[in-house]
Amino acid sequence: MAMMPARVKYRKMHRGARRGLATRGNTVAFGEYGLMALERCWLDNKVIEACRVAISRHMKRRGKMWIRVFPDKSFTKKPLEVRMGTGKGGVEGWVAVIRPANVLFEVDGIPEVMAREAMRLAATKMPIKTKFIARHAHA
């Protein structure tokens, strides 16, 4: 089941600005380890789902995972070979707006080596650079 809002007031949204750093959701808040975005992008619901599957498969029902991003922005697209004008295209999909420093996923209840590998598997599915972060930096 693809992630998307249950309902929105307006289906078609403006593109919006993606500049600046993430001011919220930029620390490990729930788990012990996290995956932080280092670039900006629109993260598709399919990508988020692929990452979720990769992490949960590697964890093998141990520990807990939190998904810290949700695709609540729609993007539209016009069909191929359609002339200019005649309004905005139909809703094509849903994305989460990602800025640098956004924490995307968090895990807890597993060893650090396992968390590192799970996050590495998720990072390979991402269209952006990410880094592994821990709540408590080990001295």
Side-chain angles (χ1 to χ4, degrees):
M1 180 65 199
M3 288 172 77
M4 61 184 282
R7 49 192 290 271
V8 288
K9 192 166 183 180
Y10 300 107
R11 283 185 317 119
K12 298 176 182 181
M13 302 184 183
H14 290 196
R15 293 177 66 85
R18 297 192 303 189
R19 68 178 157 270
L21 301 174
T23 54
R24 289 143 194 250
N26 55 6
T27 57
V28 178
F30 301 99
E32 192 63 35
Y33 307 105
L35 189 66
M36 181 185 269
L38 298 177
E39 297 177 312
R40 62 191 78 246
C41 74
W42 278 357
L43 212 53
D44 199 324
N45 57 8
K46 292 188 263 319
V47 174
I48 297 170
E49 177 63 14
C51 293
R52 184 195 68 78
V53 169
I55 294 170
S56 58
R57 279 232 177 101
H58 185 74
M59 284 169 55
K60 294 196 177 80
R61 295 174 57 180
R62 289 165 57 194
K64 186 163 166 56
M65 171 177 49
W66 290 267
I67 304 170
R68 295 283 308 275
V69 290
F70 186 80
D72 55 0
K73 179 181 182 64
S74 64
F75 69 96
T76 62
K77 204 170 185 182
K78 287 194 160 191
L80 286 172
E81 299 177 11
V82 168
R83 290 182 176 184
M84 294 287 100
T86 72
K88 198 167 166 76
V91 172
E92 187 76 8
W94 296 86
V95 293
V97 179
I98 305 300
R99 293 186 175 87
N102 259 129
V103 176
L104 309 170
F105 296 92
E106 289 184 27
V107 292
D108 201 356
I110 56 171
E112 183 175 350
V113 286
M114 194 178 203
R116 237 173 232 285
E117 179 60 15
M119 293 304 180
R120 188 192 65 78
L121 291 169
T124 58
K125 313 243 181 274
M126 297 271 183
I128 54 169
K129 286 190 189 124
T130 56
K131 79 172 177 184
F132 178 85
I133 55 170
R135 183 193 286 267
H136 307 293
H138 301 290

Handout entry: From R40, R15, R18, residue fulfilling side-chain contact (heavy atoms from CB on, under 4.5 Å) relative to V97
Key = R18
Problem - Side-chain donor or acceptor of N45 paired with backbone N/O of M3 under 3.5 Å - result: yes
Practice task
Using atom types as modelled and distance alone, determine if a side-chain donor or acceptor of E92 lies under 3.5 Å from a backbone N or O of K77.
Solution key: no
Practice task
Determine whether M126 and L104 make a side-chain contact, defined as any pair of heavy atoms from C-beta on separated by less than 4.5 Å.
Solution key: yes
Problem - Atom pair CE/NZ of M36 and K131 - distance to nearest 0.5 Å - result: 6.0 Å
Problem - Heavy-atom side-chain proximity of N26 to R99 below 4.5 angstrom - result: no
Practice task
Quick one: sort the F132 and Y33 rings into parallel, tilted or perpendicular, breaks at 30° and 60°.
Solution key: parallel
Handout entry: Minimal non-hydrogen separation, K129 against E39, with atom names
Key = N-OE1, 2.8 Å
Handout entry: Distance-minimising heavy-atom pair for L43 and P127
Key = CD1-CD, 3.7 Å
Exercise for the section: Inspect the contact between R120 and E117 and indicate whether a charged nitrogen and a carboxylate oxygen are less than 4.0 angstrom apart. Expected result: yes
Exercise for the section: Please report the closest heavy-atom contact between K12 and G90, naming both atoms and the distance. Expected result: CE-CA, 4.4 Å
Exercise for the section: Check whether any side-chain N or O of K78 sits under 3.5 Å from a backbone N or O of G87 as a donor-acceptor pair, and report yes or no. Expected result: yes
Exercise for the section: Using modelled atom types only, decide if a donor and an acceptor are shared between the side chain of R68 and the backbone of L35 within a distance under 3.5 Å. Expected result: no
Problem - Transitive ILVMFWY side-chain link V47 to F75, under 4.5 Å - result: no
Exercise for the section: Indicate the atoms forming the closest heavy-atom contact of F105 with C51, along with that distance. Expected result: CZ-CB, 3.4 Å
Handout entry: same_hphob_cluster(I55, F70) at 4.5 Å side-chain heavy-atom cutoff
Key = yes
Problem - Spacing of H58 atom NE2 and L121 atom CG [to the nearest 0.5 Å] - result: 6.0 Å
Fill in the blank from the handout: Residues M59 and M114: closest non-hydrogen pair is O-CE, 3.8 Å
Problem - Single-linkage hydrophobic cluster, 4.5 Å side-chain cutoff, M65 and I98 together - result: yes
Problem - Atom of A96, atom of I48 and distance for their closest heavy-atom approach - result: CB-CD1, 4.2 Å
Handout entry: Same apolar cluster (I L V M F W Y, side chains within < 4.5 Å links), V28/I67
Key = no
Exercise for the section: Run the numbers on E49 and R52 for salt bridge (Lys or Arg N to Asp or Glu O under 4.0 Å), then give the verdict. Expected result: CA-CA 5 Å; E49 177 63 14; R52 184 195 68 78; 2.7 Å; yes
Handout entry: M119-V69 co-clustered via ILVMFWY side chain contacts under 4.5 Å
Key = yes
